[in-house]
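Since this is a predicted model, take the numbers as computed values, not measurements. Atoms within a ligand are numbered from 1 in the order they appear, just like the ligands themselves.
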Amino acid sequence: MIFQQQLRIPGPTPLPERVVRAMDRPLVDHRGPEFKAVMDEIVPGLKKVFGTESDMLLLTCSGTGGLESAVANLVSPGEAVIVALCGNFGERFVSLNKAYGAEVIALEAEWGRPVEPSDLAEVLRAHPEVKLVFLTHNETSTGLTNNLQQLARVVRESGDRVLVVDGVSSVGSMPAEMDAWGIDVLISGSQKGWMAPPGLAFMAVGPRAWEQQSQARSPRFYFDWAKLRDEIAKGATPYTPAVGVAFGVQEGLRMLFEEGLDQVYRRHRVIADACAAGLEAAGFELFAADGYRSATVTSALPPDGLDVSALRSLLRQKYGVVIAGGQGKMTGKMVRVGHLGAVSVGDLIQVLWAIEQALEELDIKPADGRTLAAAGESLAREATPALA
Ligand SMILES: *Cc1c(COP(=O)(O)O)cnc(C)c1O
């Protein structure tokens with residue numbers, strides 16, 4: 001009997017019981033005082049987590065809609081843009097820009113490697129006229145976190161540019177300081193570290209981006225940031241928002257602040273390190289470069305002879321553990337364990353235990369307890385406080 005699935009994909013993430021209960025209430029008028037009260041709490045709460053005093057915009061769509069809104073508001077047809085990428089979500093920024101008629105100058109790092117600040121500096125030097133730079137903070141497809149603070153510094157030092165960052169799977173789960181690091185647009189989505197269902201994209205938009213927005217000439221209507229800003233200032237949105245999801249985001253934010261952001265970030269890091277240690281002990285090869293491994297998703301190549309889809313089906317059917325496979329060109333070649341939002345040490349132990357059992361059943365490796373032992377050693381090394 002599987003009582004509850006252990007949902008360990010990098011979004012959507014599991015909903016804490018508190019969030020489920022917060023959403024279990026009648027809907028309210030999205031232009032009335034009840035919804036305004038929700039907006040009056042979540043807009044400043046989101047700004048705090050994003051580390052910004054700039055405008056916070058909410059759109060009803062998935063994270064990709066948030067990314068598309070940035071392109072629609074900032075890019076003009078025929079304009080050259082720089083996209084620095086190292087995986088599938090970076091490729092999405094390339095495709096989006098092309099869909100809007102931009103001329104894309106792509107700086108592509110090998111999958112599993114970060115975008116190097118020196119490479120970015122070189123591309124920026126070669127293209128002084130280019131105004132827009134797109135980056136992915138946490139590349140979910142490869143389980144890699146770019147050094148955003150350094151990359152943003154390189155962009156800032158290169159002149160008057162607008163830096164747009166996909167922070168969908170990072171903001172709220174690891175440090176991402178929009179104002180302090182000099183980011184102009186930072187985007188996230190409700191179903192990742194925010195512990196809410198899919199349905200709302202968050203875009204923080206700074207002054208340089210607004211300046212660019214006022215001049216950009218791509219068609220936009222639903223995604224028009226200026227209309228959004230005007231309504232959000234009044235505690236509403238131009239079109240009907242995902243009201244129920246907003247209730248969930250409100251409760252998720254309360255939980256993040258109760259735990260304390262520093263502790264939230266530490267919990268993610270400690271669990272990620274234990275996950276990496278466990279998978280390595282189980283015979284997997286970690287995919288992301290050492291020093292850049294993500295706090296929210298761990299990617300690994302399977303041991304010889306292991307069929308990733310057979311492993312994933314067995315985990316799902318027999319153990320109720322759901323992990324992700326590879327994306328794009330890594331489809332079928334990789335496992336990815338999501339550990340963001342509502343995730344505890346206990347959740348990770350369950351995942352690693354199930355993987356160890358499944359590997360024995362698939363005749364890959366005896367279940368000798370080494371996977372859990374390695375995770376346990378990692379946890380002990382990091383001397384964790386309560387992480388239940
Ligand atoms: C999840 C994710 C997105 C958005 O995906 P949606 O399915 O549209 O919500 C974008 N970028 C990254 C890095 C992500 O992890």
Side-chain angles (χ1 to χ4, degrees), residues 7-15 46 50 57-72 83-97 99 108-109 111-112 114-115 134-148 151 163-176 178 183 185-204 222-223 241-242 245 248-249 252 268 272 287-288 292-299 322-328 330-331 334-343:
L7 185 61
R8 290 298 150 207
I9 58 175
T13 64
L15 299 182
L46 288 167
F50 277 64
L57 309 179
L58 283 77
L59 255 176
T60 292
C61 56
S62 81
T64 306
L67 304 183
E68 176 156 353
S69 80
V71 176
V83 180
L85 67 145
C86 55
N88 195 57
F89 287 100
E91 285 177 3
R92 191 166 295 180
F93 256 153
V94 171
S95 308
L96 272 167
N97 272 290
E108 184 165 8
W111 284 39
V115 173
F134 294 84
L135 266 177
T136 313
H137 182 197
N138 185 72
E139 182 45 82
T140 316
S141 66
T142 63
L144 178 138
T145 306
N146 279 305
N147 189 331
L148 180 57
L151 293 167
L163 173 59
V164 181
V165 175
D166 172 346
V168 177
S169 62
S170 61
V171 188
S173 309
M174 62 182 85
M178 169 148 162
I183 297 158
V185 177
L186 185 57
I187 302 158
S188 191
S190 54
Q191 84 276 26
K192 302 283 170 110
W194 308 95
M195 302 183 279
L200 285 172
F202 315 130
M203 292 85 53
Y222 184 75
F223 283 171
V245 177
V249 170
H268 282 82
F287 186 73
Y292 296 90
R293 285 179 195 138
S294 169
T296 58
V297 53
T298 297
S299 59
V322 183
I323 64 170
Q327 279 179 302
M330 292 308 288
T331 302
M334 183 199 269
V335 296
R336 290 178 306 139
V337 178
H339 32 74
L340 68 167
V343 60

> Where does the angle between the aromatic ring planes of Phe202 and Phe50 fall among parallel (under 30°), tilted (30 to 60°) and perpendicular (over 60°)?
perpendicular
> Keeping Ser294 on the side-chain end and Gly143 on the backbone end, is there a donor-acceptor pair under 3.5 Å?
no
> To the nearest 0.5 Å, what is the distance between CG (Leu340) and CD1 (Ile9)?
9.5 Å
> For the pair Val168 and Phe89, evaluate side chain to side chain contact (heavy atoms under 4.5 Å, CB included) and give the outcome as yes or no after the intermediate values.
CA-CA 10 Å; Val168 177; Phe89 287 100; over 6 Å; no
> Heavy-atom contacts with ligand 1 below 4.0 Å: which residues, ordered by chain and residue number?
Ser62, Gly63, Thr64, Phe89, Arg92, Asn138, Thr140, Asp166, Val168, Ser169, Gln191, Lys192
> In Å, rounded to the nearest 0.5 Å, how long is the span from CZ of Arg336 to OG1 of Thr296?
10.5 Å
> Picking from Ser170, Ser188, Ser169, what satisfies side chain to side chain donor-acceptor pair (under 3.5 Å) with His137?
Ser170
